[in-house]
Amino acid sequence: MTSKNEINRKATLHDAKQLDDTAYCRGDGKKGFSLQFVIAVAALSGFVMAYMFSEDNMTSLPDKKRSWESLDVNSPSMYQHFDCTEENLEGLLLDTNDAFTKYNMKIPHGVPGLHVLCLSRNENEFIDLRIYKSALNESLTELGISPGPRQLSVMNNFQSLHTTLVNEFRLTPTLNPSRATKQNWALYTPNGSLIYRDDELNISDNRLESILNLALSSGIILLYEGGIFVWPGVRVGYRREVEVSSLITSVETNHLLFSDFGLFGRDEVGSSGMVTLETTSIVPLIFTVQNFLTEEECDLILSRAEPTMKSSTISHNDEDMKSPSSKWRTSSSTFLYPRKVIEDDVLLDIDRRVASLTRIPLSHQEVAQVLKYNYLQKYNSHNDYFDNNLYKRNPDTQTLIQGGRRNRLATVFWYLSDVDEGGGGETIFPRWNGRRAPRDLSDCSVGLKVRPEKGKVLLFYSMAADGNLDPYSLHGACPILKKEFTKWAANKW
């Protein structure tokens with residue numbers, strides 16, 4: 001039997017990993033996210049990158065209106081207009097009929113920290129603002145849980161809009177970013193392009209006008225209290241088509257900075273294509289993408305990793321520093337550190353596609369970790385984020401997370417081989433649908449299980465839209481149950 005405190009403690013065991021200045025899945029209170037940057041939508045760039053706006057960059061705004069489903073990802077404009085129609089809102093708001101009935105989800109407060117806003121300028125030169133708080137739609141009004149969308153009118157300037165949003169959602173700025181554990185609130189387009197983050201100082205009148213025009217040009221904008229873009233889950237089974245690309249062309253250089261990506265002087269590089277991002281779970285937030293990796297890419301990763309595989313380790317918390325890693329984890333693993341060889345061009349192409357999929361800059365990725373599970377090997381359930389309170393006496397981890405100012409936002413988990421039904425090796429989420437933490441973290445009998453399929457990837461979030469760590473993201477690797485199977489996988493944090 002395991003006590004509740006022991007469950008909370010052991011569920012934060014981690015892979016031993018360098019969470020350095022290129023940490024991928026983090027809400028970084030310093031490097032990267034603390035800059036006033038705009039994330040370029042993958043429709044143009046093929047991946048997301050830090051982008052510093054100036055007034056000169058804001059002169060060309062789109063005037064062609066597009067629906068959510070018919071977005072032209074090859075448009076020369078980074079920002080598309082989304083009419084505030086029922087069709088477009090369906091791709092952003094939580095489907096409460098599905099959540100409350102079919103999946104018996106108890107989420108009366110919607111999606112914490114995510115608010116959907118519709119903006120338009122009326123004939124009197126005021127801004128009409130419709131607010132869907134916590135991404136909730138009107139159907140919840142019938143349940144007596146939450147009112148329908150609020151309709152407001154604000155003066156035609158960003159200062160008035162800013163004040164309205166701060167008062168409506170009780171938003172408070174981070175006064176000391178060097179000590180913050182999450183980002184200031186931010187506004188994004190439905191595609192994941194940053195419009196404004198509430199940490200800009202001494203903003204010029206031209207800049208304020210540019211922010212307002214950009215928000216109005218989008219039509220629908222998303223407010224994230226945690227300052228980080230997270231794909232809306234909508235409902236289990238919801239599918240959205242996403243352009244995933246590592247292709248950059250010289251036409252795009254007017255809007256993008258390539259310094260983080262080593263791409264100066266290259267006219268065209270990479271590949272592009274559409275993938276289907278399917279919601280697998282709302283709590284925790286999990287998405288599945290089939291055939292994200294090709295057979296050849298999976299095989300190349302295996303051949304690159306196999307010579308350096310060794311027994312996996314974990315980052316021990318304060319209470320377990322003297323225990324062997326094999327107590328929780330029995331797989332083997334290696335990290336694919338960059339080399340100046342041709343196959344690393346393939347790996348870089350995959351990394352760019354991951355950035356494109358997640359709308360998170362490539363500079364925030366960690367090095368890929370490749371995993372191998374043989375017969376009966378497993379990894380007990382754990383969280384990918386680091387709970388700062390449980391690593392006070394671990395100087396290495398404290399250095400990595402900078403006292404809680406950095407952490408892992410999301411994980412993209414790659415399946416590099418097939419394991420047939422009944423062969424084990426599933427990825428399990430024991431707290432799926434809000435379940436209590438399991439007493440036994442090695443238990444694979446209860447929870448959501450995802451079977452390994454070669455080329456498939458999982459995207460799941462360790463942080464919620466409000467910037468808080470999500471304990472429901474607890475997950476583990478179930479043991480391989482048949483000797484004829486070997487599970488190969490990799491993760492990107």
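One is the number of the first residue; the rest follow in order along the sequence. Note that the structure is predicted; figures quoted are calculated from it, not measured.
The two residues Tyr238 and Glu90 have their closest heavy-atom pair at CE1-O, 4.1 Å. For Trp414 against Ala368, the heavy-atom pair with the smallest separation is CH2-CB, 4.1 Å. Scanning all heavy atoms of the two residues, the minimum distance from Pro471 to Leu469 falls at CD-O, 3.3 Å. Closest heavy-atom contact between Leu129 and Leu117: CD1-CB, 4.1 Å. Contact between Leu336 and Val367 at its shortest, heavy atoms only, is O-CG1, 3.0 Å. Closest non-hydrogen pair, Leu371 versus Asn491, comes out as CD1-OD1, 3.5 Å.
Of the residues listed (Ile221, Leu89, Ile220), the one engaging Phe82 in a side-chain contact (heavy atoms from CB on, under 4.5 Å) is Ile220, and it is the only one.
Remark: the backbone N or O of His475 is paired with a side-chain donor or acceptor of His382 at under 3.5 angstrom. Counting only distance, with no hydrogens or angles, the side chain of Lys449 and the backbone of Cys444 share a donor-acceptor pair below 3.5 Å. Of the possible donor and acceptor atoms, one in the side chain of Arg435 sits under 3.5 Å from a partner among the backbone N and O of Trp432. Not one N or O on the side chain of Arg130 forms a donor-acceptor pair closer than 3.5 Å with the backbone of Pro149. Judged by distance alone, with hydrogens and angles left aside, the side-chain atoms of Asn407 form a donor-acceptor pair with the main-chain N or O of Phe386 at under 3.5 Å. In this structure, Asn468 contributes its side chain and Ala464 its backbone to no donor-acceptor pair below 3.5 Å. Under the 3.5 Å distance criterion, the side-chain polar atoms of Arg240 are matched with a main-chain donor or acceptor of Pro232. Checking side-chain atoms of Arg359 against main-chain N and O of Ser356 turns up a donor-acceptor pair under 3.5 Å. With hydrogens and angles disregarded, a donor-acceptor distance shorter than 3.5 Å links the side chain of Tyr188 to the backbone of Gly227. Counting only distance, with no hydrogens or angles, the side chain of Asn383 and the backbone of Tyr385 share no donor-acceptor pair below 3.5 Å.
Between Ser445 and Asp443, the side chains place a donor N or O and an acceptor N or O closer than 3.5 Å (distance only, hydrogens not considered).
Side-chain atoms of Ser217 and Leu214, non-hydrogen and from C-beta on, do get closer than 4.5 Å to each other. Taking 4.5 Å as the limit, every side-chain heavy atom of Thr189 sits out of range of all side-chain heavy atoms of Leu222. Residues Val275 and Leu357 are in side-chain contact: their nearest non-hydrogen atoms beyond the backbone lie under 4.5 Å apart. Arg150 is listed as a side-chain neighbour of Glu168, based on a closest heavy-atom distance under 4.5 Å. A 4.5 Å side-chain heavy-atom check between Thr358 and Val412 finds at least one atom pair inside the cut-off. Here the side chains of Leu458 and Phe429 are in contact, with some heavy-atom distance below 4.5 Å. When side chains are defined from C-beta on, Val111 does not count as touching Leu285, because their heavy atoms never get closer than 4.5 Å. Counting only heavy atoms from C-beta outward, the side chains of Val354 and Val457 never approach each other to under 4.5 Å.
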For Ser462 and Asp384: C-alpha separation, side-chain torsions, deciding distance, then whether side chain to side chain donor-acceptor pair (under 3.5 Å) applies. CA-CA 7 Å; Ser462 295; Asp384 280 350; 4.8 Å; no
I would like to know whether Thr288 and Thr280 meet side chain to side chain donor-acceptor pair (under 3.5 Å); could you show each step before the answer? CA-CA 6 Å; Thr288 303; Thr280 306; 2.5 Å; yes
Test Asp470 against Tyr461 for side-chain contact (heavy atoms from CB on, under 4.5 Å), laying out the working first. CA-CA 8 Å; Asp470 184 5; Tyr461 289 91; 6.0 Å; no
Applying side-chain contact (heavy atoms from CB on, under 4.5 Å) to Val450 and Lys456, what does each step give before you reach the verdict? CA-CA 10 Å; Val450 180; Lys456 179 174 72 176; 3.5 Å; yes
Kindly indicate, with the supporting measurements, whether the criterion side-chain contact (heavy atoms from CB on, under 4.5 Å) is fulfilled by Leu212 and Glu209. CA-CA 5 Å; Leu212 179 63; Glu209 184 178 358; 5.8 Å; no
Does Tyr415 form a side-chain contact (heavy atoms from CB on, under 4.5 Å) with Leu293? I'd like the steps, not just the answer. CA-CA 9 Å; Tyr415 292 108; Leu293 302 171; over 6 Å; no
Thr276 and Glu241: CA distance, side-chain angles, deciding distance, side chain to side chain donor-acceptor pair (under 3.5 Å) verdict: CA-CA 5 Å; Thr276 301; Glu241 297 299 310; 2.7 Å; yes
Pair Ser193, Asn191 - check side chain to side chain donor-acceptor pair (under 3.5 Å), show working. CA-CA 6 Å; Ser193 295; Asn191 282 330; over 6 Å; no
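Note: Phe413 and Phe460 fail the aromatic proximity criterion, with ring centroids not under 6.0 Å apart.
Counting non-hydrogen atoms of neighbouring residues, nucleotides and ligands closer than 6.0 angstrom, the CD atom of Glu86 reaches no more than 12 such neighbours.
A salt bridge is defined here as a Lys NZ or Arg NE, NH1 or NH2 lying under 4.0 Å from an Asp or Glu carboxylate O, and Glu278 with Arg239 meets this definition.
Here the OG-CD1 distance, from Ser160 to Ile127, works out to 7.5 Å after rounding to the nearest 0.5 Å. Rounded to the nearest 0.5 Å, atoms CH2 (Trp185) and CD1 (Ile228) are 15.5 Å apart. One distance of note links CD of Gln151 with CD1 of Ile131; it measures 9.0 Å at 0.5 Å rounding. Here Ser120 contributes atom OG and Asp83 contributes atom CG; the two are 10.0 Å apart, rounded to the nearest 0.5 Å. Here the straight-line distance linking atom CG of Asp95 with atom OG1 of Thr279 works out to 10.5 Å at 0.5 Å rounding. Atom OG of residue Ser218 and atom CD1 of residue Ile195 lie 5.0 Å apart, to the nearest 0.5 angstrom.
Under the 30°/60° scheme for interplanar angles, the aromatic rings of Tyr196 and His162 are found to stand perpendicular.
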